[in-house]
Number of protein chains: 2
Amino acid sequence: MSLKHAILTLLETEDGTGYDLLKRFEDHLGYFWNASHQQIYAQLKTMHKGALIDCQLEAQDDKPDKKIYTLTDSGRQALSEWVQQPLKLGKVKDALLVKIYAGHLANKEQLLEEMLHYRDSHKRMLQTFLAIEDEYRNSSKKKQQELAMPFLTLRRGIIGEKACIEWAEEVINYLQKQTAGANK
Amino acid sequence: MSLKHAILTLLETEDGTGYDLLKRFEDHLGYFWNASHQQIYAQLKTMHKGALIDCQLEAQDDKPDKKIYTLTDSGRQALSEWVQQPLKLGKVKDALLVKIYAGHLANKEQLLEEMLHYRDSHKRMLQTFLAIEDEYRNSSKKKQQELAMPFLTLRRGIIGEKACIEWAEEVINYLQKQTAGANK
DNA sequence: TATTGATATGCAATAAGTTGCATATTACTG
DNA sequence: CAGTAATATGCAACTTATTGCATATCAATA
């Protein structure tokens with residue numbers, strides 16, 4: 001399992017509650033890892049039982065207590081062991097491609113619309129990433145060195161989004177020719 | 001679930017046994033969908049129960065019987081319904097990026113080696129895809145029209161692999177500078 | 001002739017992920 | 001003052017996927 005390792009990674013950077021982690025998945029790891037709050041809370045419970053993380057209750061007036069999780073030595077070790085050992089190649093599951101593969105069954109106009117939407121989503125994502133990149137490039141040398149590795153994951157996002165858009169344009173181009181031809 | 005739809009898609013192109021489907025996942029959909037044989041056989045069973053597919057036993061001398069599955073009308077309809085309706089965005093899970101994110105904990109040489117291996121795998125994959133592309137471009141106009149949509153999925157593969165390689169080069173470049181610097 | 005690899009199928013246990021529901025507070029908006 | 005969104009947590013049921021095991025034949029190889 002790797003949600004475990006994703007959580008260890010986030011906690012290694014900074015302690016936090018389940019909710020914090022959820023936000024950080026959305027904001028920082030969102031491009032390459034997703035997890036629902038249910039999954040995160042369940043995983044934290046398991047990891048706490050397994051002594052990979054500690055939990056401090058922070059009482060808050062009126063609000064329910066926060067559970068702030070921190071790495072234990074054992075958790076830190078598990079993380080660095082995981083980072084050392086090679087990964088097996090991850091499995092891909094892209095339903096959109098299955099759909100395109102079976103695209104002759106689809107209404108071309110509808111497919112075109114979906115592709116336009118797909119392209120635009122990815123364009124928006126790219127803009128977001130580019131803004132973060134800009135911020136990084138304008139930060140201090142020290143900060144840049146600190147964030148060098150996370151920055152490389154951002155680069156993956158940027159390069160990946162550009163690829164998505166490039167491909168989407170090809171598909172859109174093809175579908176537009178098709179639908180234009182059909183209306184002649 | 002979408003393994004169901006991936007299987008429907010494959011069977012729509014051509015009837016086949018579970019084993020055939022496994023091979024076709026590996027050879028054709030491999031870039032964007034993976035499934036183990038256990039998953040496929042179990043899914044076929046479920047789909048057969050649900051009357052999305054039919055099953056003809058083909059007796060073979062000595063060898064165990066083949067179960068050749070074909071789409072039913074109901075299966076064909078389920079597929080075209082699925083193709084019509086818009087998808088929700090798929091979730092990404094890329095453990096390598098989690099690892100890079102936590103890369104400051106890793107041995108840089110080891111990480112470098114893993115990235116070199118990653119790049120080379122993707123280079124090989126790209127070569128394979130380019131060869132298939134070449135084959136397509138040298139086939140008849142008729143064939144090209146028939147395979148237009150699957151060809152677009154191949155294009156996704158090609159563009160995606162190029163992006164992987166480009167990113168890998170960036171990471172490798174960074175890691176090489178780091179390890180060189182450390183040895184000075 | 002023994003072993004390996006490809007063909008061909010499947011069950012059972014476990015792990016991982018999704019969906020739906022549930023609660024409780026605070027802060028903002030209409 | 002009612003409704004919505006954000007904060008903060010979790011259970012239970014269900015679906016989906018992985019891992020390990022199991023069987024049986026045929027063809028080629030060592």
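None of the values given here were measured: they were computed from a predicted structure. Chain A is the first sequence line, chain B the second, and so forth, proteins listed ahead of strands; every chain is numbered from 1.
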Exercise for the section: Look at K99(B) together with E114(B) and state whether they make a salt bridge at an N to O cut-off of under 4.0 Å. Expected result: yes
Problem - Nearest-angstrom distance from the residue atom CD1 of I68(B) to P of dT7(C) - result: 16 Å
Exercise for the section: Return no unless some side-chain N or O of Q39(B) is found under 4.0 Å from OP1 or OP2 of dT18(D). Expected result: yes
Handout entry: Atom pair CD/CG of E135(A) and L154(A) - distance to nearest 0.5 Å
Key = 10.0 Å
Problem - Atom-pair distance (OH on Y19(A); P on dA24(C)), nearest Å - result: 18 Å
Problem - Polar pair under 3.5 Å, donor/acceptor by atom type, side chain Q43(A), base dG17(C) - result: no
Practice task
Anything under 30° is parallel, anything over 60° is perpendicular, the rest tilted; go ahead and classify W82(B) against H5(B).
Solution key: parallel
Fill in the blank from the handout: Residues of residues 91-101 of chain B with a heavy atom under 4.0 Å from any atom of DNA chain D, listed by number, are none
Problem - Euclidean distance, atom CG of residue L44(A) to atom P of dC11(D) [Å, nearest integer] - result: 12 Å
Completion exercise
Whichever of H37(A) and Y69(B) has the more 5' nearest nucleotide on DNA chain C, that residue is Y69(B)
Completion exercise
From CG of L57(B) across to P of dG10(C) the rounded distance in Å is 9 Å
Problem - Length of the OH-P vector between Y41(B) and dT18(D), whole Å - result: 17 Å
Practice task
Take F151(A) and R137(A), measure what side chain to side chain contact (heavy atoms under 4.5 Å, CB included) needs, and give me the verdict at the end.
Solution key: CA-CA 10 Å; F151(A) 175 69; R137(A) 296 207 191 271; 3.7 Å; yes
Practice task
Please confirm whether Y41(B) and Y19(B) have ring centers closer than 6.0 angstrom.
Solution key: no
Fill in the blank from the handout: Here the distance between atom P of dT18(C) and atom CZ of F25(A), to the nearest Å, is 12 Å
Exercise for the section: State plainly whether the residues E166(B) and K162(B) are in salt-bridge range, i.e. N to O under 4.0 Å. Expected result: no
Practice task
Could you check how far NZ of K67(B) sits from P of dA24(D), rounded to whole Å?
Solution key: 16 Å
Handout entry: R155(B) side-chain N/O to W167(A) backbone N/O, donor-acceptor pair under 3.5 Å
Key = no
Handout entry: Nearest-angstrom distance from the residue atom CD1 of I40(B) to C1' of dC11(C)
Key = 16 Å
Problem - Sugar-phosphate only, base, or nothing, as touched by K4(B) at under 4.0 Å among non-hydrogen atoms - result: nothing
Exercise for the section: Give a yes/no answer on whether the side chain of T17(A) brings an N or O atom under 4.0 Å of OP1 or OP2 in dT7(D). Expected result: no
Practice task
Starting from the 5' end of DNA chain C, give me the residue, Q38(A) or K45(B), whose nearest nucleotide shows up first.
Solution key: K45(B)
